Number of protein chains: 2
Amino acid sequence: MGCQVPTLDKQQVTILAETFRLLGDPNRLRILMYCLPEPRAVGDIATHLELSQTLVSHHLRLLKGARLVRGERQAKHVFYELADEHVRDMLHDMVHHIAEEDAED
Amino acid sequence: MGCQVPTLDKQQVTILAETFRLLGDPNRLRILMYCLPEPRAVGDIATHLELSQTLVSHHLRLLKGARLVRGERQAKHVFYELADEHVRDMLHDMVHHIAEEDAED
DNA sequence: CAAATATATGAACAATTGTTCATATAATCA
DNA sequence: TGATTATATGAACAATTGTTCATATATTTG
């Protein structure tokens with residue numbers, strides 16, 4: 001038999017859901033994916049994804065609040081990157097699973 | 001160097017985000033988690049999670065639409081279970097990562 | 001210092017979404 | 001068949017959320 005998923009109580013599930021919710025917006029997810037390979041400046045993200053600077057800032061604030069991302073100031077620029085390896089692995093796993101599901105049609 | 005996450009285009013990211021969005025609601029996620037160990041009837045889910053039957057049905061319809069869950073009728077009851085092993089693994093991985101992130105505080 | 005560049009913040013609005021209520025469909029049993 | 005149980009559906013509403021606009025803060029450079 002496979003691994004057991006530990007049972008989470010109502011509150012823990014809500015916390016987990018909160019993370020999923022943040023990943024659930026296309027633009028926010030695109031921002032995360034773009035920051036995956038290397039730290040990116042806000043303006044760079046906005047230009048590359050064709051989003052307004054304001055919108056990118058708002059989204060980054062939410063992602064930062066959930067510790068999915070962290071930003072480091074270098075002179076006039078603030079570079080954002082994934083907060084840690086767990087977030088990176090998490091995205092990797094999800095993309096992997098989604099890709100495999102698509103392939104099975 | 002670690003594994004590379006394949007670059008997804010705008011549309012693919014949107015599809016991925018759609019899955020995350022569905023997992024982003026606490027009640028929907030609780031329903032999924034409850035169906036993780038074994039197939040569950042709608043009424044059972046509603047009772048156990050203290051949600052209205054209507055609400056559970058609505059959520060199950062969305063989850064089913066995204067192929068996260070599938071239902072099988074047995075007489076008067078419809079039993080829902082996770083659609084496949086990918087969904088199961090996906091949830092497992094996510095819970096795993098979230099749990100580890102919490103533990104690092 | 002003022003000007004310029006890069007990012008952040010707050011208010012406001014449109015659109016989406018979770019939930020409820022009322023009701024319909026499906027299946028079983030008397 | 002009609003009655004009962006289990007689930008599904010549709011409309012309506014309240015609340016949340018993504019986005020924009022205007023403006024503020026921070027950093028560098030003249």
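Chain identifiers are assigned alphabetically (A, B, ...) following the order of the sequence lines, protein sequences preceding nucleic acid strands; residue numbering begins at 1 within each chain. As the structure is a prediction and not an experimental result, all values here were calculated from the model.
- With sequence neighbours excluded, no residue forms a side-chain contact (heavy atoms from CB on, under 4.5 Å) with A:Lys76.
- Put simply, chain A comes within 4.0 Å of DNA chain C, heavy atom to any atom, from C:dT5 to C:dG10, going 5' to 3'.
- In the region residues 17-31 of chain A, proximity to DNA chain C at under 4.0 angstrom, judged on heavy atoms, holds for none of the residues.
- The nearest pair of heavy atoms linking B:Met94 to A:Met90 is SD-CG, 3.1 Å.
- Applying the side-chain contact (heavy atoms from CB on, under 4.5 Å) criterion to B:His96, with sequence neighbours excluded, gives B:Glu100.
- Taking CD1 of B:Ile45 as the start and CZ of B:Phe79 as the end, the distance is 10.0 Å to the nearest 0.5 Å.
- Evaluation of the side chain to side chain donor-acceptor pair (under 3.5 Å) rule for B:Ser57 yields B:Gln53 as partners, not counting sequence neighbours.
- Against DNA chain C, the stretch residues 40-50 of chain B makes no heavy-atom approach under 4.0 Å.
- Near DNA chain C, meaning a heavy atom under 4.0 Å from it, residues 75-83 of chain A has A:Lys76, A:His77, A:Val78, A:Tyr80 in order of number.
- For A:Thr14, the side-chain contact (heavy atoms from CB on, under 4.5 Å) partners at least two apart in sequence or on another chain are B:Pro26.
- For the residue pair A:His97/B:Asp93, the side-chain donor-acceptor check at 3.5 Å is satisfied.
- Using a 4.0 Å heavy-atom criterion, one finds that A:His58 contacts the bases of the nucleic acid, with or without backbone contacts as well.
- Taking the salt bridge (charged side-chain N to carboxylate O under 4.0 Å, His left out) definition, one finds that A:Arg30 meets it with nothing, sequence neighbours left out.
- The salt bridge (charged side-chain N to carboxylate O under 4.0 Å, His left out) check on A:Glu38 picks up A:Arg40, with sequence neighbours excluded.
- Atom CD of A:Glu50 sits in a sparse spot, with 12 or fewer heavy atoms from other residues, nucleotides or ligands closer than 6.0 Å.
- Residues satisfying the side chain to side chain donor-acceptor pair (under 3.5 Å) criterion with A:Arg70, sequence neighbours excluded, are A:Glu81.
- Nucleotide D:dA6 holds its C1' atom 16 Å from the CD atom of B:Glu72, rounded to whole Å.
- Residue pairs that meet the ring-ring contact (aromatic ring centres under 6.0 Å, His included) test with at least one member in residues 29-64 of chain B, sequence neighbours left out, are B:Tyr34-B:His48.
- Map A:Ser52 and B:Thr54 each onto its nearest nucleotide of DNA chain D; the residue landing nearer the 5' end is B:Thr54.
- Sparse packing is recorded around CD of B:Gln11, with 12 or fewer heavy atoms of other residues, nucleotides or ligands lying under 6.0 Å away.
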